[in-house]
Amino acid sequence: MKQFATWNVNSLSIRLPQVLDWLAAHPVDALVLQETKLTDDKFPTADFGAAGWQVQWFGQKTYNGVALISREPATDIVKNIPGFADEQARVIAGTVGGVRVIGGYFPNGQAPGSDKFAYKMGWLDALRGWVGGQMQAHEQLVLMGDYNIAPEDRDVYDPVAWAGQIHCTPEERAQFRQLVELGLTDAFRLFEQPAKSWSWWDYRNLAFRRNQGLRIDHILVSAALKARVTACEIDRLPRKNERPSDHAPVVVTIDR
DNA sequence: ATGTCGAAGGGGCTTCGA
């Protein structure tokens with residue numbers, strides 16, 4: 001059995017104890033983190049090492065930042081999208097146990113029509129081009145992270161209020177579908193899931209208590225892995241911690 | 001209340017991003 005997971009931690013400095021606790025309880029083969037918000041010199045390599053984890057990291061000051069935590073060392077590390085000039089640290093990829101693991105912190109996009117929305121679209125175009133090539137080279141591949149896209153209305157607590165808003169625009173949803181059309185599958189939707197399954201709840205408005213959220217953190221798997229996926233779940237438990245991230249981890253389980 | 005959280009700059013608060 002293999003397990004891969006993704007978690008936007010919204011500052012690894014704040015969330016490090018929770019991440020180590022979670023890893024102890026969920027010894028996955030690989031976990032990708034988003035929004036570490038750490039420069040590379042500040043990454044807590046020793047803390048992960050002491051707990052028996054291998055780490056690859058790629059960060060910047062204040063914003064963004066990604067990491068790849070794994071049991072076995074990851075090889076063929078790639079940081080950000082090759083050929084796409086980007087000031088922002090958003091992608092880390094490595095091969096773990098024969099599986100190509102790609103972790104991404106997709107741009108938020110702020111609002112349709114904004115400069116940040118245009119950046120999001122360009123970033124997604126570049127990602128798709130690169131991931132397509134990665135799929136040619138790696139039969140077993142997972143693309144996971146904070147996509148900042150709710151793919152369908154059933155991924156939104158109030159689809160009427162959110163219609164056309166950021167995370168829910170037709171352009172973003174088309175981008176998600178185009179990633180799927182590369183030959184990837186949304187592992188979460190391979191299974192019957194509880195209605196109102198979200199991976200993110202705003203800190204404001206008691207959104208978690210009211211279960212008002214979005215499903216914007218995803219794990220897409222290649223065809224070779226799809227045939228072996230036995231489960232995919234959102235772990236809401238860390239969202240109940242005293243100082244939680246606004247996102248919950250998502251985990252996929254693969255047979256053998 | 002655009003209602004919270006986290007980082008940064010700078011030394012108490014505001015501003016930015018999400």
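For clarity, every value in this text was computed on a predicted model and none was experimentally measured. Letters A, B, ... mirror the listed sequences (proteins, then strands); counts begin at 1.
Listed in residue order, the members of residues 107-124 of chain A having a heavy atom less than 4.0 Å from DNA chain B are A/Asn108, A/Lys116. Within residues 151-167 of chain A, no residue has a heavy atom under 4.0 Å from DNA chain B.
The side-chain hydrogen bond (donor to acceptor under 3.5 Å, both in side chains) test applied to A/Tyr147 returns no partner, not counting sequence neighbours. Partners of A/Asp246 by side-chain hydrogen bond (donor to acceptor under 3.5 Å, both in side chains), not counting sequence neighbours, listed by chain and number: A/Trp200. With sequence neighbours left out, A/Arg177 forms a salt bridge (charged side-chain N to carboxylate O under 4.0 Å, His left out) with no residue at all. Listed by chain and number, the residues in a salt bridge (charged side-chain N to carboxylate O under 4.0 Å, His left out) with A/Asp86 amount to none (sequence neighbours excluded). For A/Arg189, the salt bridge (charged side-chain N to carboxylate O under 4.0 Å, His left out) partners at least two apart in sequence or on another chain are A/Asp155. For A/Ser199, the side-chain hydrogen bond (donor to acceptor under 3.5 Å, both in side chains) partners at least two apart in sequence or on another chain are A/Asp217. In terms of the side-chain hydrogen bond (donor to acceptor under 3.5 Å, both in side chains) criterion, A/Asp29 has no residue partners (sequence neighbours excluded).
In this structure, A/Asn205 and A/Ser11 both approach DNA chain B, and ranking their closest nucleotides by distance from the 5' end singles out A/Asn205. Between A/Asn8 and A/Leu12, the one whose closest nucleotide on DNA chain B sits nearer the 5' end is A/Leu12.
Nucleic acid contact class of A/Phe208 (heavy atoms, under 4.0 Å, all strands): none.
Residues A/Trp7, A/Val9, A/Leu12, A/Leu16, A/Val19, A/Leu20, A/Trp22, A/Leu23, A/Val28, A/Leu31, A/Leu33, A/Leu38, A/Phe43, A/Phe48, A/Trp53, A/Val55, A/Trp57, A/Ile69 make up the rest of the hydrophobic cluster containing A/Val251, defined by ILVMFWY side-chain heavy atoms closer than 4.5 Å, directly or through other members.
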Throw together a table of side-chain donor-acceptor distances under 3.5 angstrom for residues 127-134 of chain A, partners on residues two or more places apart or in other chains.
unit_1, atom_1, unit_2, atom_2, d
A/Arg128, NH1, A/Gln175, OE1, 2.7
A/Arg128, NH2, A/Asp125, OD1, 3.3
A/Arg128, NH2, A/Gln178, OE1, 3.3
A/Gln134, OE1, A/Arg100, NE, 2.7
A/Gln134, OE1, A/Arg100, NH2, 3.4

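B/dA1 and B/dA7: their C1' atoms are spaced 23 Å apart (whole Å).
Judged by distance alone, the side chains of A/Gln60 and A/Thr39 never bring a donor and an acceptor atom under 3.5 Å apart.
In the 5' to 3' direction, nucleotides of DNA chain B lying under 4.0 Å from heavy atoms of chain A begin and end at B/dG3 to B/dA18.
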